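Side-chain atoms are counted along with the backbone in the values below, which use heavy atoms only and exclude waters and symmetry mates. Small disclaimer: the values here were computed from a predicted structure and weren't measured. Start at 1 with the first residue, then count along the sequence.
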Amino acid sequence: MKAVQLMERQDYSYSRDDLIARLRGHGINPTHQRIEIAHALYSRCEHLCADQVLAIVNERHPETSRATVYNTLNLFVQTGMIREVIADPSRVFYDPNTRPHYHLYDVRTGELTDIDAASIQVSGLPALPDGVVTEGVDIIVRVRFPEPA
């Protein structure tokens, strides 16, 4: 079996102007809070859950509510600006990497890592009803690394 090729997260530096352009490019009005939430997501090279986004945003702007963060994340997902990754029923992550890729999820640590799409082959998808097209395929490989000795 071939080893899974993990993707290296690329460090990007996003200015506020870059984020405003990205929001507008997805048809989103760039309010102050939306810019801050986008900055929390795009300034890190990791997958974040909503509570992590809230904590990051509240470091600079403690007036941002949980409802605002959740509503904004849902808006970002609906417009395709970010991906929602449901690693298990209790863990939803938000991923600003919208390029084709899959995920490796460590069930012990909760760490989610990108897998290069080229390292996984999907075959044998079921026939779809007439008029239905495949929108995407999500794969999460759940692993458990051995406990340290």
Side-chain angles (χ1 to χ4, degrees), residues 1-16 18-19 22-23 25-28 31 33-129 132-149:
M1 178 184 235
K2 183 174 110 175
V4 171
Q5 180 66 37
L6 301 180
M7 290 177 70
E8 288 189 32
R9 287 293 223 176
Q10 297 180 5
D11 291 324
Y12 292 107
S13 178
Y14 288 95
S15 70
R16 298 290 193 243
D18 294 335
L19 294 171
R22 183 171 285 269
L23 288 164
H26 284 87
I28 299 171
T31 65
Q33 290 177 320
R34 289 174 178 167
I35 295 166
E36 290 303 317
I37 292 166
H39 184 263
L41 290 164
Y42 283 92
S43 65
R44 288 167 170 67
C45 294
E46 58 191 358
H47 303 85
L48 299 173
C49 69
D51 286 337
Q52 290 171 310
V53 173
L54 177 64
I56 292 165
V57 170
N58 277 338
E59 285 176 7
R60 291 174 40 121
H61 303 283
E63 73 280 1
T64 304
S65 72
R66 180 178 307 275
T68 297
V69 169
Y70 276 91
N71 290 337
T72 301
L73 290 171
N74 286 332
L75 175 63
F76 289 0
V77 169
Q78 289 170 1
T79 60
M81 188 169 143
I82 62 173
R83 290 174 61 177
E84 183 178 64
V85 181
I86 302 172
D88 72 41
S90 65
R91 297 292 311 254
V92 176
F93 294 94
Y94 296 92
D95 188 356
N97 179 3
T98 57
R99 295 185 322 253
H101 69 283
Y102 304 112
H103 293 96
L104 183 79
Y105 177 66
D106 184 330
V107 297
R108 258 195 206 130
T109 66
E111 182 181 5
L112 194 65
T113 308
D114 290 344
I115 300 173
D116 186 0
S119 71
I120 292 181
Q121 295 179 2
V122 177
S123 64
L125 291 177
L128 300 174
V132 175
V133 296
T134 302
E135 186 171 299
V137 175
D138 292 328
I139 296 174
I140 300 175
V141 179
R142 289 172 183 82
V143 298
R144 181 183 317 256
F145 291 98
E147 289 284 338

Visitor: To the nearest 0.5 Å, how far apart are CD1 in Ile28 and OG1 in Thr72?
Guide: 8.5 Å
Visitor: Check step by step if side-chain contact (heavy atoms from CB on, under 4.5 Å) holds for Val107 and Tyr105.
Guide: CA-CA 6 Å; Val107 297; Tyr105 177 66; 3.8 Å; yes
Visitor: Between CZ of Arg44 and CD of Gln52, what distance do you get to the nearest 0.5 Å?
Guide: 9.5 Å
Visitor: I'd like to check the ring-ring contact (aromatic ring centres under 6.0 Å, His included) partners of His39; sequence neighbours left out, ordered by chain and number.
Guide: none
Visitor: Taking C-beta and beyond as the side chain, do Leu48 and Tyr94 meet within less than 4.5 Å on heavy atoms?
Guide: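 Contact flag for Leu48/Tyr94 side chains = no.
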Visitor: Below 4.0 angstrom, N of the basic side chain to O of the carboxylate: do Asp88 and Arg142 qualify?
Guide: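 No salt bridge links Asp88 with Arg142.
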Visitor: I need the minimum non-hydrogen distance between Leu19 and Ile35, along with the two atoms involved.
Guide: CD1-O, 4.0 Å
Visitor: Considering residues, nucleotides and ligands other than Gln121, do more than 12 of their heavy atoms fall under 6.0 Å from its CD?
Guide: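 Atom CD in Gln121 is not crowded, with 12 or fewer foreign heavy atoms closer than 6.0 Å.
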Visitor: Using a 4.5 Å cut-off on heavy atoms from C-beta on, say whether the side chain of Gln33 contacts that of His61.
Guide: no
Visitor: Let me confirm one number: the CZ-CG distance from Arg34 to Leu75, rounded to the nearest 0.5 Å.
Guide: 5.0 Å
Visitor: Indicate yes or no for a side-chain donor-acceptor contact from Thr109 to the backbone of Glu111 under 3.5 Å, with no hydrogens or angles considered.
Guide: yes
Visitor: Going by distance alone, is a donor N or O of one side chain under 3.5 Å from an acceptor N or O of the other, for Tyr102 and Asp138?
Guide: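 No pair is found: no donor N or O on one side chain lies under 3.5 Å from an acceptor on the other.
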Visitor: Is the ring pair His47/His101 parallel, tilted or perpendicular, if the boundaries are 30 and 60 degrees?
Guide: tilted
Visitor: Measure across Ala117 and Pro100 and return the closest heavy-atom pair with its distance rounded to 0.1 Å.
Guide: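 What the structure gives for the nearest pair is CB-O, 3.5 Å.
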Visitor: Would you check, one step at a time, whether the test side-chain contact (heavy atoms from CB on, under 4.5 Å) holds for Asp106 with Thr113?
Guide: CA-CA 8 Å; Asp106 184 330; Thr113 308; over 6 Å; no
Visitor: Is any side-chain heavy atom of Glu36 less than 4.5 Å from a side-chain heavy atom of Thr64?
Guide: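 No, every pair of side-chain atoms sits at 4.5 Å or beyond.
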Visitor: Is there side-chain contact between Tyr42 and Ile82, with heavy atoms separated by less than 4.5 Å?
Guide: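 Yes; the side chains approach each other to less than 4.5 Å.
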Visitor: What verdict does the side-chain contact (heavy atoms from CB on, under 4.5 Å) test give for Val85 and Val92, after you've listed the backbone C-alpha separation in whole Å, the side-chain angles of each residue and the deciding distance to 0.1 Å?
Guide: CA-CA 6 Å; Val85 181; Val92 176; over 6 Å; no
Visitor: Between Pro146 and Arg108, what is the shortest heavy-atom contact and its length?
Guide: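 Minimum heavy-atom contact is C-NH1, 3.7 Å.
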Visitor: Does the side chain of Arg83 come within less than 4.5 Å of Phe76's, by heavy atoms?
Guide: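 Of all side-chain heavy-atom pairs linking Arg83 with Phe76, none is under 4.5 Å.
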Visitor: Determine whether Leu41 and Leu73 make a side-chain contact, defined as any pair of heavy atoms from C-beta on separated by less than 4.5 Å.
Guide: yes
Visitor: Looking only at heavy atoms, what is the nearest atom pair of Gly80 and Thr98, with distance?
Guide: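 Closest pair (atom of Gly80, atom of Thr98, distance): O-CG2, 3.7 Å.
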Visitor: Just so I know, are the side chains of Glu84 and Ile86 near enough to count as touching, which here means a heavy-atom distance under 4.5 Å?
Guide: yes
Visitor: With a 4.5 Å heavy-atom cut-off, do His103 and Phe93 have their side chains touching?
Guide: no
Visitor: Write down the atom of Leu128, the atom of Val132, and the distance for their closest heavy-atom approach.
Guide: CD1-O, 3.8 Å
Visitor: Using the side chain to side chain donor-acceptor pair (under 3.5 Å) rule, take Thr68 and Asn71 through it: C-alpha gap first, then chi angles, then the decisive distance, then the call.
Guide: CA-CA 5 Å; Thr68 297; Asn71 290 337; 5.9 Å; no
Visitor: For Asp116, does its backbone N or O pair with a side-chain atom of Ser119 as donor and acceptor, under 3.5 Å?
Guide: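 Confirmed, Ser119 side chain pairs with Asp116 backbone.
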Visitor: Quick one: closest heavy-atom pair of Glu46 and Pro96, and the distance?
Guide: O-CD, 4.5 Å
Visitor: Which residue, Leu104, Ile115, Val122, forms the side-chain contact (heavy atoms from CB on, under 4.5 Å) with Ile139?
Guide: Val122
